[in-house]
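Counting starts at 1 for both ligands and their atoms, in listed order. Being a predicted model, the structure only gives us computed values, none of them experimental.
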Amino acid sequence: MKYLFITLCISLFISCQKKDESESKKTPPTPIPTDFIEELWYKNAFLYSVDVEVFKDSDGDGVGDFKGITQQLDYLIQLGVRTIWLAPFQPTPNKDDGYDIADFYGIDSRLGTDQDFDEFIRQTNKKGIRVMMDLVTNHTSDQHPWFKAARQRKDSPYRSWYVWSKEQPKKWDKGMIFPGVQKEVWSYDKQAGEYFYHRFYDFQPDLNMQNPALQREMRKIVRHWLDKGVAGFRVDAVPFLIEIANADFDPEKPQYQFDIITQLHQYIQWHKKDAILLGEANVDPKDQQDYFGKDGQNMQTMFNFFANQYLFYSLATGETKLLKKALEDTKAIPPTAQWATFLRNHDEIDLGRLSDSERDKVYARFGPDSTMQLYDRGIRRRLAPMLGDRKLIDLAYSFLFSMPGMPVIRYGEEIGMGDDLKLKERLSIRTPMQWSNAPNAGFSTAAKTVQPVISQGPYSYTKGVNVADQRADSASLLNQITRLAQLRKQCPEIGWGNWEMLDTGSEQVLAIRYDWQGRSLVVVHNFSSEPQQCQIATKTQTGRPLTDLMNNSETPLGTGGNFAVQLPGYTFRWYRVKK
Ligand code: NOJ
């Protein structure tokens, strides 16, 4: 409700503004009023994504746990993190790394007890950290008691919680999410004597979200965790959660029921005014408005998968034209909404929206070997080994922290962890956190860890890819990312302000100007390995020099607010525009 009110206020400001626009065409959108800052905290948050299972093992059984992550909260504070997103931590057969849940209300006993979770939340509250969690209600594990009951008896109340077909549906092998690994989306269940629908693996039967009883259950789940103290949900697989699936539907052209999200949004806000939904939805920009909601009544934030693919294209080729277009294409979102931006997440980099030739260029540079590619569309590597060059990695992170949206970093990326391509599918990028050069990277004292620790090659924990070594080295990636996180905090206009792309005179250089509450910032990134001579039109008329926020030096501006700069390969600048 509160958000609806804020959205209405902002819409009102904007519509008043529109009248002025007819007089002076160039008026930018009205910025968010400053007293909304607390409610819209996600506009400028820095989110850290972590899987408890592989973060820190406190009791030496080889599996990370809640006590372990609780011990490491000061590390996250030092990094500048104030919001954590936890991967699924509920009881699970663990066939899809926890995304196959067998009890939505519990804690996986390998990760700790209810009390350990509560203590973790208490400590995060004390330190001013918000905790978000995955909400995986598109499907359950086939070991969930609901599915067991549903497949056993036709007259079970749980039967209609899943999606069934008596005959094999015509489109039984269309719309798989894991092509190459998954053979079908409808599988025959002997016990039920019918086919069940599953967008993902066959051990993850889809829940029938059209069923009001299940919608009530989802609200109950959400309420349970809000009461436990979480600050919001990363909603898994949103398009599939809201698709209207039945025996006759076409999985390649589904219809969606968006009011499931609207109701969820409303429900959450009634219970916790500043709790949010962060949607996992890799959608075309023409559909993004439906996901955010026209007036921001659906997802407050969504991962910008679209821009992510073009960002990788730019990192691979040095060309920024398509990235600029992707940023423009994803610009129009409700005033209360925000993108979540990222370089790597826990899945493959999905390049499915690039053309074949664009994707081939990214493959050629970042994933040339077929063992590095996955699902005919992506790359299953961590960022550091993929980009290789430290200057390119620094450029990528500077861009992440300064692009429109709230930056999200996955555990281990901040120290440049590597991947283990011997592990299957996406497990390659899910190895334990590397804390020090002690055995098992200080992750665990057990003889055997839940996933193997990277102990060979240049990304081994013994080769400086660990927190302790990098904290002691001011030039390390860890310290560089800590500095970027601090810099981002000094530049609230990125999250709050209006932005526009500036002319740079170079196809390889991308410049963005932000304006908010009388503050302005210009960020410039050279995606080429070669030096670029640029002429940047800052559109500033004050006649005062720009301040380079990295080193406090000043750059005078010429007539019309233009300035010339020679940018060495893969370098970047953050300039404060002085009033
Ligand atoms: C999306 C998650 O990001 C992915 O890791 C998981 O396998 C699928 N959803 C199924 O839950």
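- With hydrogens left out, the protein atom closest to atom 8 (C) of ligand 1 is Phe200 CE2, 3.6 Å, a heavy atom.
- A donor-acceptor pair shorter than 3.5 Å can be found between the side chains of Glu425 and Tyr375.
- Atoms of ligand 1 found under 4.0 Å from any heavy atom of Glu280 (numbered from 1 in listed order, with element): 1 (C), 3 (O).
- Numbered from 1 in the order shown, with element, the atoms of ligand 1 that lie under 4.0 Å from a heavy atom of His346 read 2 (C), 3 (O), 4 (C), 5 (O).
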Show me, pair by pair, the donor-acceptor contacts under 3.5 angstrom made by side chains of residues 87-99, not counting sequence neighbours?
residue: Thr92; atom: OG1; partner: Asn94; partner atom: N; Å: 2.7
residue: Thr92; atom: OG1; partner: Asp100; partner atom: O; Å: 2.7
residue: Thr92; atom: OG1; partner: Asp100; partner atom: OD1; Å: 2.9
residue: Asn94; atom: OD1; partner: Gly98; partner atom: N; Å: 2.9
residue: Asn94; atom: ND2; partner: Glu53; partner atom: OE2; Å: 2.9
residue: Asp96; atom: OD1; partner: Arg426; partner atom: NH2; Å: 3.2
residue: Asp96; atom: OD2; partner: Gln204; partner atom: NE2; Å: 2.8
residue: Asp97; atom: OD2; partner: Arg430; partner atom: NH1; Å: 3.1
residue: Tyr99; atom: OH; partner: Asp134; partner atom: OD2; Å: 2.8
residue: Tyr99; atom: OH; partner: His346; partner atom: NE2; Å: 3.1

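- Annotation for ligand 1: atoms under 4.0 Å from non-hydrogen atoms of Arg430 are 5 (O).
- Comparing Val238, Asp236, Asp347 against atom 9 (N) of ligand 1, the shortest heavy-atom distance belongs to Asp236.
- Asp96 OD2, 2.6 Å is the protein heavy atom nearest to atom 7 (O) of ligand 1.
- When side chains are defined from C-beta on, Ile481 counts as touching Glu414, because their heavy atoms get closer than 4.5 Å.
- Relative to the six-membered ring of Tyr411, Arg382 meets both conditions, a distance below 6.0 Å and an angle of at most 45° to the axis.
- Heavy-atom separations between Arg426 and ligand 1 include at least one value shorter than 4.0 Å.
- Every pair passing salt bridge (charged side-chain N to carboxylate O under 4.0 Å, His left out) that includes a residue from residues 252-263 is listed here, sequence neighbours excluded: Asp250-Lys253.
- A donor-acceptor pair shorter than 3.5 Å cannot be found between the side chains of Glu243 and Gln255.
- Atom-to-atom distance recorded for Ser455:OG and Gln434:CD is 9.0 Å, nearest 0.5 angstrom.
- For ligand 1, the polar-atom distance check finds an N/O of His139 within less than 3.5 Å of one of the ligand's N/O atoms.
- Using a 4.0 Å heavy-atom cutoff, Arg234 is listed among the residues neighbouring ligand 1.
- Distances shorter than 4.0 angstrom occur between a heavy atom of Phe178 and an atom of ligand 1.
- Contact of the Tyr162 side chain with the Phe196 side chain is not registered, since no non-hydrogen atoms from C-beta on lie closer than 4.5 Å.
- Proximity of His198 to ligand 1, defined as any heavy-atom pair under 4.0 Å, is not found for any part of the residue.
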